Student: 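The structure's right below; bear with me while I get my questions together.
Read the numbers this way: they start at 1 and go in the same order the structure lists the ligands and their atoms. Just so it is clear, the model here is predicted, and its values are computed rather than measured.
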Amino acid sequence: MTPPPFPGPPPLGVVVDLDDTLFPQAGYLAGAAAAVDRAAGTRGLDGEAVHAALAAELAAGSDTGGTIDRALLAAGVPARRLGEHVPALVAAFTGHRPARLAPYPGVAAALRALAAAAPLGCLTDGNPAMQAAKLAATGLGALLPAVVVTDALGGRGVRKPHPAGLRALAARLGVPADRLLVIGDRPAKDVAVAAAVGAHAVRVRQGEHAAAPDEPRAWAVVDDLPSAAAVALAVLAGTGSPAPV
Ligand SMILES: [Mg+2]
């Protein structure tokens, strides 16, 4: 579907989300959950029960906080004993370091094309060490030298749609925040953070939140990152290198 005309002056830079925009987050979460199961087993807990409870918690939403506490309670661990187990299991979860996370098809080429056309950065929420590990495992790090992890700026309170991260990234890219085009999978985060600074967004309908309603509405809605890059390239204000003559 062709998007409507761009609703303002053309964007001067592009910002991409990481999880479920550049790679499928589900595979990462499954690996981190398996690390927790193993750690639970070594602590004398019922690894299978913890596995089932953790899978249910992650399916209910992967970014709510307190996931492991709730999973242990659901697996029958008494509340008074959470304190002796949770720190080690959280460490197992956050310490998961996959060697390789395959990006969605065509992502590397799409990022290369965007970077050739305009300043390009990545804005992501989450534990900074985990986000860095994910990006490294995708092999896309060299294509995204400007990365802002919101939690590193001010913890969970400045996660998207809080505008602090996008403003910080705009400053690093040397582009006014309201002239960035944000590409991401989550309307409530990626589309909303763009709106919070007066910028616009392309929603990529994939991953855990693929079925979420278009609220707030993005300027364009597409099915994958190469399609998002195509609509972005069509509206960028020619900020990249001039075409060869
Ligand atoms: Mg995402």
Side-chain angles (χ1 to χ4, degrees), residues 14-33 58-65 67 93-94 96 98 101-108 110-111 114 120-141 143-144 146-153 155-156 158-166 168-169 180-197 199-229 231-232:
V14 177
V15 169
V16 293
D17 167 55
L18 175 59
D19 299 327
D20 279 343
T21 295
L22 303 186
F23 78 100
Q25 154 99 325
Y28 175 84
L29 290 175
L58 290 172
S62 56
D63 62 356
T64 51
T67 301
F93 190 86
T94 60
H96 177 54
L101 289 171
Y104 286 116
V107 164
L111 293 180
L114 287 170
L120 174 68
C122 178
L123 180 66
T124 180
D125 294 335
N127 175 308
M130 291 173 78
Q131 299 311 99
K134 291 175 190 172
L135 188 56
T138 63
L140 300 169
L143 297 172
L144 292 167
V147 179
V148 168
V149 183
T150 52
D151 290 42
L153 295 180
R156 286 177 171 267
V158 295
R159 286 185 176 183
K160 296 177 275 188
H162 193 286
L166 191 54
L169 187 51
L180 290 168
L181 182 63
V182 178
I183 299 173
D185 65 296
R186 295 185 66 174
K189 282 177 170 275
D190 304 303
V191 182
V193 74
V197 302
H200 298 286
V202 179
R203 179 192 181 180
V204 182
R205 199 186 280 281
Q206 60 187 9
E208 181 183 339
H209 299 275
D214 272 313
E215 181 56 45
R217 279 183 85 85
W219 161 61
V221 179
V222 298
D223 290 333
D224 51 38
L225 192 82
S227 302
V231 298

Student: So does P103 get a backbone contact from the side chain of T138, meaning a donor-acceptor N/O pair under 3.5 Å?
Tutor: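 Such a contact is absent between T138 side chain and P103 backbone.
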
Student: Please name all residues satisfying ring-ring contact (aromatic ring centres under 6.0 Å, His included) with H200, sequence neighbours left out, ordered by chain then number.
Tutor: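 Once residues adjacent in sequence are excluded, the partners of H200 under the ring-ring contact (aromatic ring centres under 6.0 Å, His included) criterion are F6.
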
Student: Would you say D190's side chain and D185's backbone share a donor-acceptor pair under 3.5 angstrom?
Tutor: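 Yes; judged by distance alone, with no hydrogens or angles, the pair exists.
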
Student: With a cut-off of 2.8 Å, does D19 place any N/O/S atom under that distance from the Mg ion (ligand 1)?
Tutor: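 D19 does place an N, O or S atom closer than 2.8 Å to the Mg ion (ligand 1).
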
Student: Would you mind naming the N, O or S atom of D185 nearest to the Mg ion (ligand 1)?
Tutor: OD1

Student: What is the name of the N/O/S atom of D17 that is nearest to the Mg ion (ligand 1)?
Tutor: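 Looking only at N, O and S atoms of D17, the one nearest the Mg ion (ligand 1) is named OD2.
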
Student: So does E208 get a backbone contact from the side chain of D20, meaning a donor-acceptor N/O pair under 3.5 Å?
Tutor: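 A pair under 3.5 Å: yes.
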
